[in-house]
Chemist: 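Pasting in a structure now, in C-alpha cells, and then I'll have a few things to ask.
Residue numbers run from 1 in the order of the sequence given.
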Amino acid sequence: MAGGNILIRGGTLVLPHHEPFKADIKILDGKVAAIGTSLSRKGVDEVIDATGMYVLPGVVDEHVHMREPGLTYKDDFTHGTSGAAVAGVTTVLEMPNTKPPVESASILRQKAKLLSSKAYVDFGLYGVIHNANVHEFEDIVAEGAVGFKVFLGPTTGNIPPPDDGSLYEALTKSAKLGVPLAFHAENADLVRYFTEKVKASGRDDPAAHEAARPPICEEESINKLILLSKRTGGKVHIVHMAAKEGVELLRAARTKGLNVTGETCPHYLLLNSSDYLKYGTAIKVNPPIRGKEHQEALWRAVLDGTISTLGSDHAPHAEHEKRGNVWECAAGFTGVQTFLPLMIHQALIGKLPIQKIPELMSEAPAKLFRIWPKKGALSVGSDGDVVIIDPNGETIITKEWLRAKYPISPFIGWRLKGAVKYTVLRGMIIAKDYELITDRPKGVWIKPLGKH
Ligand code: NCD
Ligand code: ZN
C-alpha cells in the first residue's frame, strides 16, 4: 500500500478525551512513526508547518451513499471521494443500496474492485441484509464487509425490510461474529400509514414529510431493535437518529450496558422543522428533520455520549429528482464534503469541545466498524491519516465548491468559521485549501481487522 514520509510540525494535536496539546507528528511509509516535540526531519520528504493550526486524525465517515455502481446518474465514487478528500474525510464507509444491492459476497467483491480505481480516499463496504439473503451473512463478512445496513423503513433503493424472524437471525449472527448492523430504524407499516393519511389530507407542503414519518416510526423500530439486541447480544447501531423518543430509548439501553449504539448527522443538529419554510424540499431526508425539541435532545445526546458517532448520510440525487412537490422529491442530499467543516464551525463557536470531533467522527466509528486503530487514530503504528484545520480560516459553501455531479445541499450559502487546510492520506498530501493535489486516486479498500 502506497504511503508517504512527512513531518507535521508545530501544530496543536486534537485527540479524543484530551485537552489539545502541541506536538509534531512524523509519518514514515504511510504510518505514524512518532508523536512528540521537536521531531527531526530525518527520513521525511516533506514538512508541513502547522503553527497555529489544529491537527486531527482523518475523519472516518461511517455513512455515505456514493451511488456506484448502478445509480451513477445521481453521483459517483470519483465525485464522492474527491469531495471527501478535500474536506478532511480520509475513510468512507459506503452503503449497500447501490445497483445491484450488495447482497452477496460476489457483489461485494465486484463493487470493491470497481471502486478501487476511483477512490480518492480509503473506503470500507457494507453489505445489506433483507429477508432473502440472511444465509449470505457469513460469506459477506468473510469477503471483508465492515458491517451490514438494514433498512426497516422505505427509502432510496426500495430494499424490502426484513421480517422479525430474519432480524432475529441476523442479530444472532452479529453476536457470534462481532459484526455491527447499522439500522435505518423507521417502521415501514407506520410510515405507510401516516404517509397515506397526510397525503389524503391534501397536504403537499415540504413540512408534510415530517408529518408523514412521525417520531413513533423511529421509536417503534428502535424499541424492537433494543429488545432483539438484548435477547441475542447482536450489535445494533441506529443510524441517522432524528427523534428525541429514540434518544431516550438509546440512553436507557446504554445505561443497562446493552450492545446498542447510535449515530446522528449534522443536518439533525443544525436544522429543525422551522427550516422547511426556508429551504423547502431541499431538506427532505429520511428520517425527517423534526422540531426544535428533537434537535436539542440530539445535541444533549451527542454531548453526554449517548450518541457515540456522527455520519454524514451523504445521499446525493440528480437535480430532476430533487424537484417537484414533497411527495415526488427524493430524500437525501450531499453531505460528505460539508461534514467536517460544519462540525468544526460548531466547535469554534463553542457548541462542542473540539476534541469531541475526533471522538465522534474518527475514533468511535473506526472502533465500531473494527478498523481502529489502523483508522480513526493518531498513535504510533496507525495509518498516517491527518486533517489540518486553520481555525482562522473561513469556509463558504457554494455550488461551485461542492464536488458533486449535482451540488445540492441546504448548506449552500453558509459561511463557516475554520477551514480544512490539508488532508493527508497515509502520509501523502491529497488536498490543500479544498483543492485536490494528487495526480490519481490513491484510496484503497479497507477490511475490518477484528475476528471473522
Ligand atoms: C438515503 C439514500 O438516498 O440513499 N436517503 C436518505 O434520505 N437518508 C437512504 C437512507 O439512508 O435512508
Ligand atoms: Zn437510512
Side-chain angles (χ1 to χ4, degrees), residues 65 67 71 73-75 97 151-161 163 183-224 238-249 264-298 313-335 406-414:
H65 301 266
R67 310 304 194 198
L71 298 167
Y73 73 92
K74 292 177 189 278
D75 206 29
N97 57 333
F151 293 91
L152 298 187
T155 188
T156 310
N158 294 321
I159 294 167
D163 59 32
F183 287 92
H184 181 120
E186 285 186 292
N187 177 301
D189 290 344
L190 289 172
V191 168
R192 207 170 301 122
Y193 168 77
F194 286 107
T195 303
E196 276 164 22
K197 258 186 110 92
V198 178
K199 274 187 180 170
S201 77
R203 277 186 70 174
D204 66 358
D205 57 300
H209 184 59
E210 185 194 1
R213 304 170 88 117
I216 191 173
C217 303
E218 280 186 68
E219 193 180 8
E220 192 283 338
S221 283
I222 294 170
N223 196 36
K224 175 171 44 195
I238 316 283
V239 296
H240 47 42
M241 293 188 69
K244 70 179 189 335
E245 291 81 354
V247 167
E248 281 153 21
L249 288 169
T264 194
C265 316
H267 40 274
Y268 301 113
L269 295 172
L270 303 179
L271 302 170
N272 64 49
S273 46
S274 69
D275 291 309
Y276 285 107
L277 277 177
K278 194 160 162 194
Y279 300 103
T281 50
I283 63 168
K284 180 177 173 185
V285 61
N286 294 326
I289 307 285
R290 305 189 188 282
K292 207 163 194 290
E293 70 278 19
H294 297 278
Q295 182 186 18
E296 285 167 357
L298 290 165
D313 194 6
H314 175 74
H317 295 283
E319 189 148 12
H320 71 269
E321 295 174 302
K322 282 301 276 185
R323 283 201 218 107
N325 74 20
V326 62
W327 308 118
E328 292 151 0
C329 174
F333 40 81
T334 65
Y406 299 97
I408 300 169
S409 160
F411 303 115
I412 287 170
W414 285 35

Chemist: Specify the closest pair of heavy atoms between Gly246 and Ile222, including all atoms of both residues, with the distance to one decimal.
Modeler: CA-CD1, 3.7 Å

Chemist: I want to check something: taking the side chain as every heavy atom from C-beta on, are His314 and Asp75 in contact at a cut-off of under 4.5 Å?
Modeler: yes

Chemist: Are the side chains of Val239 and Asp313 in touch, meaning some heavy atoms are under 4.5 Å apart?
Modeler: no

Chemist: Describe, in one word, how the ring planes of His65 and Phe151 are oriented to each other, choosing from parallel (under 30°), tilted (30 to 60°) and perpendicular (over 60°).
Modeler: tilted

Chemist: Go through the steps to decide whether Asp275 and Ile289 satisfy the test side chain to side chain contact (heavy atoms under 4.5 Å, CB included), and finish with yes or no.
Modeler: CA-CA 9 Å; Asp275 291 309; Ile289 307 285; 5.6 Å; no

Chemist: Quick check: do Tyr193 and Asn187 have side-chain heavy atoms less than 4.5 Å from each other?
Modeler: no

Chemist: In Å and rounded to the nearest 0.5 Å, what is the CG to NZ distance from Leu152 to Lys224?
Modeler: 6.5 Å

Chemist: Is there a side chain to side chain donor-acceptor pair (under 3.5 Å) between His294 and Lys244 once you walk through the steps?
Modeler: CA-CA 5 Å; His294 297 278; Lys244 70 179 189 335; 4.6 Å; no

Chemist: If you count every heavy atom of other residues, nucleotides or ligands that lies below 6.0 Å from Tyr73 atom OH, does the total exceed 12?
Modeler: yes

Chemist: Where is the tightest heavy-atom contact between Cys329 and Lys322, given as atom of each residue plus distance?
Modeler: SG-O, 3.6 Å

Chemist: So does Leu190 have more than 12 non-hydrogen atoms from other groups sitting under 6.0 Å from CG?
Modeler: yes

Chemist: Give a yes or no answer on whether the side chain of Asn97 reaches the backbone of Thr156 with a donor-acceptor pair at less than 3.5 Å.
Modeler: yes

Chemist: Hey, are the side chains of Pro154 and Arg213 touching, using non-hydrogen atoms and a 4.5 Å cut-off?
Modeler: yes

Chemist: Measuring from atom NE2 of His209 to atom CH2 of Trp327, what distance do you get when rounded to the nearest 0.5 angstrom?
Modeler: 8.5 Å

Chemist: Under the 3.5 angstrom rule, does the side chain of Gln295 hit a backbone N or O of Leu269 as a donor-acceptor pair?
Modeler: yes

Chemist: For the atom pair OG (Ser201) and CZ (Arg203), what is the distance rounded to the nearest 0.5 Å?
Modeler: 6.5 Å

Chemist: Tell me, do His240 and Tyr268 make a side-chain contact under 4.5 Å, heavy atoms counted?
Modeler: yes

Chemist: Ignoring hydrogens, what is the shortest heavy-atom contact between Ala212 and Phe194? Give both atom names and the distance.
Modeler: O-CB, 3.3 Å

Chemist: Do Ser273 and Arg290 come close enough that some side-chain heavy atom pair is under 4.5 Å?
Modeler: no

Chemist: Which heavy-atom pair separates Asn286 from Ala331 by the least distance, and what is that distance?
Modeler: ND2-CB, 3.4 Å

Chemist: Do the side chain of Glu218 and the main chain of Pro215 share a donor and acceptor less than 3.5 angstrom apart?
Modeler: no

Chemist: Which of these, Lys74, Arg67, Lys284, sits in a salt bridge (charged side-chain N to carboxylate O under 4.0 Å, His left out) with Glu321?
Modeler: Lys74

Chemist: Does some side-chain heavy atom of Phe183 sit less than 4.5 Å from a side-chain heavy atom of Ser221?
Modeler: no

Chemist: At what distance, to the nearest 0.5 angstrom, does CE of Met241 lie from CG of Leu249?
Modeler: 7.5 Å

Chemist: Are any non-hydrogen side-chain atoms of Thr334 and Tyr406 less than 4.5 angstrom apart?
Modeler: no

Chemist: Quick one: ring pair (Phe, Tyr, Trp, His ring centres under 6.0 Å) partners of Phe411, sequence neighbours excluded?
Modeler: Trp414

Chemist: Under the side chain to side chain contact (heavy atoms under 4.5 Å, CB included) test, which residues partner Pro206, sequence neighbours left out?
Modeler: Tyr276, Thr281

